[in-house]
Structures are given as C-alpha cells and as structure tokens.
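These notes are about the structure you will find just below.
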Amino acid sequence: MVKILSETENSVRFILVLRNFNQTLIAVKLLMFCVTFFCFVMICYASNVSAFVTEFVPSIYVSEDYTDNYDQTEFNKTEEFITTYGTNLSFGLFQKTAQFVLSYNPEFKDYDKRNEYDALEHNASLVGEFLPSKRSSIDFNLNYDGHGDNNESESWEHSASLAGSYELSKYTGTIFSADYTNSYDRQLRTNDWNESKSYTLSGGIKNQFGQKDFIGFDYSYSMTDYVGPDSDDYDEHNPSIFLAYWFNPQFGFDSNLSYEYTVYDLSDDTSKTWSGDFRLIRNITKHFDIYTKYEHTYTIDEQGDHTIYNPSVGFDWSVTEDSGVSLGLGYMIQKWENSEDSEGLFVDADVFKAFKFSKQGTFTVSAASGYDATSNDAASLGFQIYYQAGFLLSYQFLRDLSAQLTGSYTRDQFDDPDVNRVDDTIEFGAGLAWAPWKWMNIDLGYTFEDFSSDDDLIENYQENRGTIMVTLYPAGTPRMISAFKRGQSDFERGKGGRENKDGDTIFPSAADRADIENKIFNNAR
C-alpha cells in the first residue's frame with residue numbers, strides 16, 4: 001500500500017512538473033512575441049526614441065484569498081484559501097503622442113485543500129497607444145493569462161485587440177476595431193464551465209454636415225466557438241446606418257436602422273432581424289432635452305416571426321461632458337407567430353453620472369437597459385431584455401489611505417417562448433488601499449455575489465470572497481502614469497445622436513466609461 005501511494009505521489013508530481021513546463025514554454029513564446037512586436041514598434045519610432053520617457057517598475061507581492069464557496073454551488077459549499085507569491089516587471093515608454101507598456105508577471109499559487117492546482121503561472125501583456133498623425137490614432141492590447149492550461153480551478157482569458165480611427169477630412173472620419181478572446185468561464189446558457197473563442201471585426205464611417213447633423217454607416221462581424229459542438233456556436237453579420245438632423249436650434253431628430261443575420265453552427269438555423277428607431281427631440285435648455293421615440297423590431301427564425309412595437313418618451317440631461325442621463329419610459333408589445341403575445345412597461349436607460357460631493361469623495365452611478373433579438377452571451381437563448389444598475393463610492397481619507405464601495409444589480413430576461421427565463425445577479429464589494437511607506441502598498445478587499453435563475457436546470461449560488469495583498473516596490477520607484485489620455489474624436493462622439501445642443505458628447509470616452517463600469521459590474525457585458 002505504501003509503495004502504491006508513493007508511486008501515485010510521484011506520478012502527480014511528474015504531471016505537475018510537466019504542466020508547469022508547458023505553461024512556462026507557452027509564456028516564453030508569448031513573451032518573445034510581445035518583445036518582438038515591441039521592438040518592431042520601436043523601430044518604426046526610431047527617429048523619436050530619444051524623446052521617450054522610460055520607466056521600469058519592478059514589484060513583488062504576496063496575497064491571501066479566501067472563498068466560502070469555491071465551486072459556486074448551491075449546496076455542499078467548500079471553503080478554500082489560496083496563497084499567491086508573485087512579481088511584476090513593467091517597462092514603459094511614454095511620449096506626448098505615444099505610450100507602450102510591456103509587463104511580465106509570474107506567480108505561484110498555493111492552494112490549501114486542492115494541492116493538485118498548485119502551479120507556477122505566467123502572465124504577460126503589451127499595451128500600446130499612439131497617434132501616427134493629427135488625423136489618426138491606434139490602440140492595441142495583447143494579454144496572456146497564466147491560467148490558460150488549467151480548465152479546472154479558475155477562469156482565465158487570453159485576449160488581443162486593435163482599434164483605430166482616421167479622419168478622411170475635416171468632417172468625415174472612419175473607425176475600425178478587431179477583438180479576439182480565448183476564455184474559460186461559466187457559460188450563460190448552462191451556467192457550466194466551458195472554454196470558448198470569440199472574434200469581432202467592426203468598422204464604420206461618419207460624415208458631419210452640420211453642427212449637430214451627421215450620417216454614418218457601421219458594419220460588424222462576430223463569431224463564437226465553444227470547445228465541442230455547442231448550440232451557442234454562431235456567426236453574425238450586422239450592418240447599420242444612423243442619421244441625425246436638426247431643423248433649428250430647438251427641434252431635431254436622430255434615427256438608426258440595422259440588420260442582423262445570425263447562423264447557428266450546430267443546427268444550421270438562421271435568424272434575420274430588422275430593427276430601427278426614430279427620436280424626435282426638443283431642446284429645452286443647454287443641458288436638457290426631451291424626446292419622443294418609437295422603436296420597431298422584426299425577426300424571422302425557425303420558431304416563427306417575432307415583432308416588437310416600442311413607443312416611449314424621455315429626456316437627456318447633460319450637466320458636464322463626462323456624465324449624463326438618458327432615461328425614457330415606454331410600452332413594449334411583443335407579437336409571436338407561434339405563441340401568446342405579451343406587453344408591458346419598458347424603461348429605456350443609459351445613465352452615467354458622477355457626483356463630486358467633496359475634495360475627497362466621488363459617487364458614480366451607472367444604469368443601462370436594452371433588448372436584442374440575439375443574446376450576445378448565449379445566442380441560442382434568443383431574444384433578451386436586460387437591466388443593470390450600480391454605484392461606485394470612492395473616498396480618499398488621507399493622502400495614502402483610500403476606500404471604495406461598489407454595488408450592482410443585473411437582470412437578464414430571455415423571452416423566447418421555448419426559453420422564458422430570468423436571471424438575477426446581485427454583487428457588492430468593498431476595498432481599502434493603504435500605502436504606509438513609499439515602498440509598500442497594502443490592499444484589502446471583500447466581494448459578495450448572489451446569482452439566481454428561475455430555470456430549474458441552472459444552479460443558484462452565493463459566494464463571499466476576501467483578499468489581502470502586500471506589494472513591495474524599490475524605494476523611489478515611480479508609478480506608471482499615462483502620458484496622455486485621448487478622448488473621443490469628433491467622429492466617435494454623437495454616434496446615435498446622443499449629443500447636447502453644443503455638439504458635445506454627454507458621455508465620457510468609451511474607454512473611460514468602460515473602466516469605471518468594470519469596477520461596478522464585475523461581469524460587465
């Protein structure tokens with residue numbers, strides 16, 4: 001018996017060593033690619049390299065994580081403590097019109113109960129942002145997650161993105177983007193863990209022919225592919241056009257028209273959706289508009305025709321350029337060819353508002369709602385209505401002591417007759433950051449998540465997580481700060497007609513808003 005146990009332990013050790021070797025090999029390859037790409041960009045900027053400010057920020061850290069429901073199950077909850085030892089090496093080049101940051105982050109995770117998950121993990125990333133000319137901008141991001149060879153213990157995501165814009169003339173511009181993700185996480189349809197790959201390509205052009213008048217065209221292609229045959233594998237094409245025109249300073253309109261063509265890989269079923277909306281806008285003050293809106297959607301798929309009638313009234317309120325409220329109340333009527341019709345009130349919301357109540361404190365609220373003929377996270381679930389609302393409270397007690405509180409609620413409603421499902425997620429978080437010395441940071445965090453679904457096949461769960469992390473820096477090491485922060489271009493602003501009287505956007509740049517909302521909604525869509 002002792003011999004058998006000894007051989008088993010040796011086998012487990014060999015498997016762990018082999019897995020760690022494979023992870024290290026993949027990480028080295030990715031790091032070499034990032035370095036090569038980094039050098040290529042530098043060669044392109046060779047004539048201006050001397051103008052860059054360089055920063056190297058090394059750090060080491062140790063953290064302790066606790067969860068009372070590691071497997072996120074409704075019953076038979078299990079606790080787990082995870083100790084992490086790691087280092088982060090970041091090298092940055094900053095210039096007025098360009099910045100690049102290359103990071104390498106190896107870490108070892110030590111599980112208290114699940115020793116088979118103990119592993120040395122490698123993370124690497126390369127982020128760049130530059131303005132090749134006064135008319136163009138390019139952003140890119142490469143990220144390798146060290147958990148990538150372990151589809152058992154934790155979620156992970158490898159990603160790459162490229163985005164840019166180019167102004168063809170003073171009043172005409174184009175944008176483009178490409179995104180790739182390879183991730184392991186809970187699948188929305190089943191709530192089970194699964195690995196998937198997704199690709200998105202998009203581009204657009206817009207022409208501004210008046211102070212607030214514009215017309216444009218967008219096109220996007222997206223694809224999702226799960227490991228193994230899956231009903232959520234799909235390809236989708238989505239062209240759209242948008243137009244805004246003001247008859248005079250008080251009255252105007254905006255409108256959108258789009259077409260979605262979705263093909264499901266497993267069944268070869270197709271879904272065709274035409275949708276459009278029209279808003280008649282009345283300007284009341286410099287920062288306040290009221291509107292009347294009508295939105296119509298028509299879908300043809302294997303289950304039969306589906307038509308949506310959605311009239312509404314509402315207002316746009318923009319106090320500053322970096323926050324605003326767009327809120328409407330409407331009545332939605334859904335007609336199904338092979339099922340009973342339904343109707344009810346619908347709140348049309350797009351809210352992002354920051355309140356600076358003191359020099360030390362900021363309170364930010366965010367809310368959004370909408371519907372789509374095809375769920376972005378689970379195509380096979382069909383028509384989806386979603387609501388989400390949350391807040392972020394930040395307070396700087398002292399120069400080196402700050403705290404954050406977050407809370408959010410998300411409801412996903414799938415109204416297809418064969419699905420008829422509602423998911424609710426409540427999240428709460430608290431964090432405390434303290435820098436007692438210039439060479440040390442201490443971070444404390446707590447999160448609570450409650451997921452529930454009225455689908456009997458989906459397992460509900462609650463989870464409490466706590467973490468403490470201590471990070472050490474060499475004395476005098478600077479903290480990397482972006483050399484510039486590019487806001488939205490004239491082309492990016494106003495898409496969909498959400499501009500105020502003076503043509504200023506009522507929302508911040510997409511990147512800034514996404515960064516804040518990711519802190520509020522941990523599972524941001």
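Nothing here was measured: the structure is a model prediction, and the numbers come from that model.
- Looking at heavy atoms from C-beta onward, Y371 lies out of side-chain contact with Y386 at the 4.5 angstrom threshold.
- Formation of a donor-acceptor pair under 3.5 Å by the D454 side chain with backbone atoms of V422 is found in this model.
- Using a 4.5 Å heavy-atom threshold, the side chains of E463 and T67 count as touching.
- Counting only heavy atoms from C-beta outward, the side chains of D412 and T410 approach each other to under 4.5 Å.
- A side-chain N or O of D232 and one of S380 form a donor-acceptor pair less than 3.5 Å apart.
- Residues forming a side-chain contact (heavy atoms from CB on, under 4.5 Å) with I426 (at least two apart in sequence, or on another chain): Y409, D450.
- Take N248 and apply the side-chain contact (heavy atoms from CB on, under 4.5 Å) test, not counting sequence neighbours, and it matches Q250, F251.
- Every residue meeting the side-chain contact (heavy atoms from CB on, under 4.5 Å) condition with S177, not counting sequence neighbours, appears here in chain and number order: A163, D179, S202.
- Residues S271 and T299 meet the side-chain proximity criterion, which asks for heavy atoms closer than 4.5 Å.
- Looking only at distances, no side-chain donor or acceptor of S137 sits under 3.5 Å from a matching main-chain atom of G164.
- Side-chain contact annotation: Q72 with R186, donor-acceptor N/O pair under 3.5 Å present.
- With sequence neighbours excluded, the residues forming a side-chain contact (heavy atoms from CB on, under 4.5 Å) with S366 are F352, R513, E517, I520, F521, listed by chain and number.
- The cationic atom of K206 (NZ for Lys, CZ for Arg) lies less than 6.0 Å from the six-membered ring centre of F214 and within 45° of the ring axis.
- Exactly one residue among D372, T307, I308, N310 makes a side chain to side chain contact (heavy atoms under 4.5 Å, CB included) with T297. That residue is I308.
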### Task
Step by step, work out the side-chain hydrogen bond (donor to acceptor under 3.5 Å, both in side chains) result for S198 and T181.
CA-CA 5 Å; S198 63; T181 61; 2.5 Å; yes
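- In this pair, Y245 and F209 present their aromatic rings parallel. The plane angle is below 30°, not in the 30 to 60° band.
- In terms of the ring pair (Phe, Tyr, Trp, His ring centres under 6.0 Å) criterion, residue partners of Y221 (sequence neighbours excluded) are, by chain and number, H237.
- Qualifying ring pair (Phe, Tyr, Trp, His ring centres under 6.0 Å) partners for Y61, counting only residues two or more places apart in sequence or in other chains: none.
- In this pair, F383 and H306 present their aromatic rings perpendicular. The plane angle is above 60°, beyond the 30 to 60° band.
- Stacking of R282 on the aromatic ring of F247 is not recorded, the 6.0 Å distance cut-off and the 45° axial limit not both being met.
- Taking the ring axis of Y387 as reference, the NZ or CZ atom of R411 does not stay both within 45° of it and closer than 6.0 Å to the ring centre.
- In plain terms, the two heavy atoms of S326 and D316 that are nearest each other are OG-OD1, 2.7 Å.
- Classification of the F100-F130 ring pair by plane angle, with boundaries at 30° and 60°, yields tilted.
- Side-chain polar atoms of S90 and N88 form a donor-acceptor pair below 3.5 angstrom.
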